[in-house]
Structure formats: C-alpha cells, structure tokens
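Notes follow the structure.
In what follows, chains are A, B, ... by sequence order, proteins preceding strands, each numbered from 1.
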Amino acid sequence: MKIKLQLSQIITNALLIANIQADEIVISDASKPEFGDYQFNGMMKLAKELKQNPREIAVMVCSHIDITGMVAKVEVAGPGFINIWLNDAWLATQANAILEDKRVGVGYVEQPQKVVVDYSGPNMAKQMHVGHLRSSIIGDTLATLLEFLGDEVIRQNHIGDWGTQFGMLIAYLEEQNTDGNTQELKDLEQFYKDAKVRFDESEAFANKAREYVVKIQGGDEHCLMLWQSFINASLGHCEEVYEKLNVNLTRNDVRAESFYNDQLAQVIETLKSKGISTTSNGAECVFIDGAEIPIVVQKSDGGFLYATTDLAALNFRDKVLNADRICYVVDARQAQHFKQVFSIAKQADMVGAEVSLEHIGFGTMMDKSGKPFKTRDGGTVKLVELLDEAVVRAKETIKDRDVHSNEELDAVAKAIGIGAVKYADLSISRESNYIFSWDKMLSFEGNTALYMQYAYARIQSILRKHDAQIFGDIVIGDELEHRLALMLLKFEDTLTKAAIEATPHTITGYLYDLVTLFMKFYEQNPILKGGIEEEVKMSRLQLAKLTASVIAKGLELLGIKVVDKI
RNA sequence: GCACUCAUAGCUCAGCUGGAUAGAGCAUCGGUUUGCGGUACCGACGGUCGGGAGUUCGAAUCUCUCUGAGUGUACCA
C-alpha cells in the first residue's frame, strides 16, 4: 500500500482546484499522534512564493481536500501545517484486503530497474572474518529487498582470487600434496601462516613461489589447476559461512577478480586513447581535477591495480549486464577510491551517464571499549567462530523458557543466535561504526531480533490457544487499533524508503515500532479473555495474525528466521 | 600537509532533501484488578543536539569557522 503516494495525489488535486502550482508534494508522518496520522508542511513555502498568508491559503486548500474516502479529516495548525487523519473504515477495508496476501500488501516498484549488488567479496587467501560480516549481510538484505520490490537483481561476489600471494599458497599446496579438501586447508589462516613460514625459511621455496606467480599469470596449466583447486576449497569455506548466516550467495554469483584479467589492457587503452590517463614516473596515471595525487591504473612494471579491475568491472556491468543501478556494499573507508573510480568510469564512458553508481559504505565493528573488534590476543575474529558462539549463547538464554526437544532447542537457538548477530548489525545506521555487544543483541528488551521473535512467538501462542478458524473482518474500535492497522499498511512505504536509500535500519526501526505498538494494543485490548464479543474477538485475532505476518516478512527480508515457540 | 567522515540524555543509538514542545532502548527510581507467554506494559528522572557565527517566518538538519576523535592519502586490495 503506497499511502504517501495516494495522499500526495489527494493534496495535489486540492492544490489544483485552488489553482496553485507545486512541483513536488512531500507528505510526512505526523510528528505526534495529536497532529493526526500524516502532515503536509509545504504550505508555508508555497505561500511565500505566492506572497500570501500561509494560514489563509492552507485553510483554503484544506477546504478542497477530498474527505469522502481515505482521509477522514484535515486541520490547519500552527503557521500553516496541514494535519491529516485517515478514515477508520478505509483503514479496515485496506487491512482486510491483505489478510490472505503473501506479500502482506506490498506492491511493486513502478519502474523496475536492473540492479547489480556487489557484496561480500571475501579474499580467497584468508578465512572470512568479522570484516566481511557487514558487507555480506547488508548486501544480502539490499539484494533480497530490491528483488522483493520487483527490481531485477544481479548479485556479484567479487572475490579476491588473484595477486602475488597465490604463488606462495599454491606452491605450498603442491608441497603438502593435498587436493585442496583435506585437513591442511581446514584453517586458511593457519595455512597462510605456514606457507609464509616456509617462504621465509627456504630460499628454494620462495623462488618457486615467485616462479608460480609468473606461471599462473602466463596461463601455465599445472599451476592454474593447483590455483583452481585452492580457490574451490576456499570458496567452500565461504559457502559454509553463507549457509550459517542465511546469506543467498551461490557460485553463480561469483565473478572473481581474475575474471577481468583479460580486459585490463583494454581499460588502459581506452583511458590512453581518450586522453584521460598520462604517464607519470613510469606509471600510467589519471589525475582528477585539482588533486595532486593521481590514481595509478598501471604500475611502472606493467602490472595492474585494483582501480583497473574496478574499472573493468564497471564497464562489464554497464555494457554486458546492462545495469541501471550499481551498488557497492563496501567498507566506508574506501569512499575516496570509489568516488575516483566512478568519476573515471563516467568520464571514459565505460559507464553510461544515466547509470546510478552507489557506494553503499558501512562503518567498522568495534568492541566495548570502542576499538576495532579483535580477539584477546589481537588477531582477527573468524566469522565461523563468532557465529557458533552466538548460537551457544542463544541456547543459554532460552533453555529454561519453554518445553523443547533437543532438536527444537537447536533450531530455535540457531534462529535466535544468528538473528541476533544480523539484526544488531542491520539495525544501526550503516555508515556509523557500531559497538558489538553480546548482552545487548541477545536481550529480550529493546530493539533486538529476539524482541521481534518473541512477539511473533507470543502471537503464535495466542493463535494456537484460539485453536479454531478465524473468520470475520478487522473492525477498528479504538485509537490503538487505528494506529496498529495504519502501521501495518505502512510496510510498503517503509520498504520503499529502505530500498532507495539502501538503509536496512529503516526496516528494523519500523518493525520495532510495530511490535511496540502491538504490545500496547495487546495489553489494553484483550483477545481471548472472557466477555469479549465474538466480532471484536475475531477482529483482534485478525489484527494479531496480520501483525505476525508482517513481522515474519520483515525479518525474512533481513534474512532472519522466526520460530513458533521460544 | 591535504581530503573525507563523525560529535545528540550517564551508556548504546534514532531523527538530518529545514518544520510544531529533539525521540527510543539500557541504567536508576516508582507503578500495573495473581498475567490471552510479566524476559511484558505504564510512569518518572535525565538534553546549552561539541563551541561560536550566518542564512530565514522557522536550524539537530543548510553555510562558514573553531575544538575534539577517526579514516584515507601514486605504483597492496
């Protein structure tokens, strides 16, 4: 339900009748319940342009607003705010219409786009660590959300599978004589360290490693085979993490760095021929505007850099994938890099002018003391271990709550533990750094996954207890029911905002408001207690059921599961 | 040095394409016909929105400046 769009049309019509021209009508949520459901604040600005008294023309415009359907009443307040109340019957009708809808009333975008979402991007030489967490889950949520709203999404996992360290790794792999799936590769971090030790202690090994780098780049079959088996094994580890995290990335989404190898020379050619790059100190560089420091696209030894690969990828995404929008879900510290690369790509026409290039940056994960998140001895925290710990901790918090079989307990702990980690991350505005806290994320209180999951389970419990068919319509009987029905219908507007701005925390904030409101409603409006009229009871059951559906759908978009019992 | 980001309640955070008396959660204190799942709900306390100046009917939000913190700064990704 696109409520704001409909309201802006209603206001536009009123302005037309009043013979006032306005380009964009922005409807806001009312800042307080006393001010109605929505408000239109644009009259002051319009009045200024018309050089008229804002209150007077607001009153005049109000008299033209259609109050026969959606809108129940309007009111002019303060210097010229127009406050809008929606009609109870209209809300009830809309809510009833989506009771059986799998999309809980969410429509599709009017103009679907082809969107590339580049996220996760682990390095194949290393085990996935907490640094990959945010990219993976924010990116996955964005991809899922856009897809749900009707865009065509192309996921791209730009894995780091190329570079000098791979010579060392495959030389070591060969020496260990593993096929890439054995114990030796279980812990990539350790494998890398061992290889490094070997590299430092043996001159012969070091030479071989260097030789192998040249050989892979030259297309040597033996070395490429070793490299491929290493990449496969490493990717296998990533897939385990994706599985645990409930992140939808498959091998089909992998478009590795190495994929662009044969396009890099062309990138340089293009830049040269268009006069965008110049040679400086032996390296091929692009000087942007007044910046003193250039972007090096080709080293003096002929090698390419990550800016070159990113340009090739941008070119590919525009010219081959035909993307309308390209989103890079990458650490905020790379803002400058993307700004430069985007600018070069547009200038060189590697990406059409109309394509939207967006760096979806995010902040760093911190520990309690506000320093980057590390293990006690200062190492990086492995993602697998973090997720396993989350499940163990989740189990601890719920084990005495309800009767569960061991299997149920495991499933519930998994849903709650993983959900807690993801929700904690997604609920913070993505550009700021965030402080990681087990206690906070696994709390039943506040804006946490568990609070949402608990609310869902509570509603399921009510429905189980009712244990009969629910028939009849939602009828709005009081202020709380009015607000709850409206909140449920606001789901689409919320998702739209989150999709445009690429802000998952918009969704968590909404879910939290919804659940808080439901708890209030539930506290004040008994559902199954004695003495409730059948019609009222059914209406409240429907509201409860619909609330559960929206919670479940919202969490599903975030890649978080719900459970019937906690 | 230059560039970018951030600064909101004791703590963790919303709000930022200018709108009405700046909102939550935690913590603290108090309350709720023994409760349809009370790990809930209600209330109280708590703010010079880092300082200062400007733009205007109106600024946490836009501009400038200062302070403090962080990040990035040509052949790593």
Side-chain angles (χ1 to χ4, degrees), chain A residues 24 26 28 30-32 34-35 39 41-45 47-48 54 77-81 83 121 123 125 158 160 162-165 257 280-287 290-307 309-310 330-337 339 361 363-364 368 370 372 397-398 401-402 424 427-429 431-435 437 439-440 442-448 450-451 454-455 457-466 501 505-506 508-509 512-513 516 519-530 532 537 540-541 544 565-566:
Chain A
E24 202 194 2
V26 180
S28 319
S31 52
K32 285 173 190 209
E34 309 91 273
F35 298 152
Q39 53 183 301
N41 302 330
M43 287 316 302
M44 276 87 82
K45 189 174 275 178
K48 195 172 194 178
F81 299 102
N83 295 336
N123 188 324
H158 191 81
W162 207 245
T164 50
Q165 72 267 49
E257 255 176 61
S280 170
N281 289 335
E284 196 62 21
C285 302
V286 178
F287 288 85
E292 324 148 29
I293 299 161
I295 295 92
V296 179
V297 289
Q298 186 172 26
K299 298 195 276 186
S300 45
D301 68 2
F304 303 107
L305 293 109
Y306 78 131
T309 314
D310 279 337
V330 181
D331 195 306
R333 284 174 289 197
Q334 298 205 31
Q336 194 182 10
H337 166 73
K339 201 175 165 196
T364 312
K368 266 171 281 182
T397 56
I398 57 158
R401 284 194 54 85
D402 203 339
S427 59
I428 232 76
S429 70
E431 305 201 42
S432 55
N433 295 341
Y434 94 97
I435 307 220
S437 159
D439 291 341
K440 223 182 123 182
L442 280 169
S443 169
F444 274 88
E445 290 156 359
N447 190 7
T448 66
L450 192 42
Y451 181 66
Y454 172 68
R458 237 175 127 170
I459 295 173
Q460 296 312 309
S461 170
I462 295 165
L463 299 179
R464 273 196 301 275
K465 186 155 191 169
H466 171 64
E501 296 171 1
H505 84 283
T506 307
T508 61
Y512 182 62
D513 289 343
T516 318
M519 290 290 192
K520 264 190 238 262
F521 154 78
Y522 171 82
E523 203 74 26
Q524 216 166 295
N525 300 21
I527 301 173
L528 298 181
K529 281 185 178 172
I532 309 288
K537 178 172 158 184
R540 289 178 182 170
L541 276 167
K565 285 199 288 180
I566 289 178

Which nucleotide in [options] has an atom nearest any side-chain atom of [X]:
X      : options             : answer
A/I293 : B/G37, B/U73, B/C41 : B/U73
A/Y306 : B/A77, B/A20, B/G72 : B/A77
A/M44  : B/C57, B/A40, B/U12 : B/C57
A/M519 : B/G23, B/A40, B/U56 : B/A40

Does [X] place a side-chain N or O at less than 4.0 Å from the phosphate oxygens OP1/OP2 of [N]?
X      : N     : value
A/K520 : B/C42 : yes
A/K565 : B/G37 : no
A/Y454 : B/C41 : no

- Query: Could you give the NZ-to-P distance, from A/K529 to B/G38, as a whole number of Å?
  - Reply: 10 Å
- Task: Measure distances between side-chain N and O atoms of A/N83 and base N and O atoms of B/A20, and say whether any donor-acceptor pair falls under 3.5 Å.
- Result: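 Present.
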- Base B/A77 to side chain A/E257, donor-acceptor N/O within 3.5 Å cut-off: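 Answer is no: no donor-acceptor pair is held.
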- Query: Do the ring planes of A/Y512 and A/Y451 sit parallel (below 30°), tilted (30 to 60°) or perpendicular (above 60°)?
  - Reply: tilted
- Task: Using a 3.5 Å limit on both pairing distances, list the dot-bracket string of RNA chain B from the 5' end; Watson-Crick and G-U wobble pairs count, crossing pairs take [ ], interstrand pairs take |.
- Result: (((((((..((((.....[...)))).(((((.......))))).....(((((..]....))))))))))))....
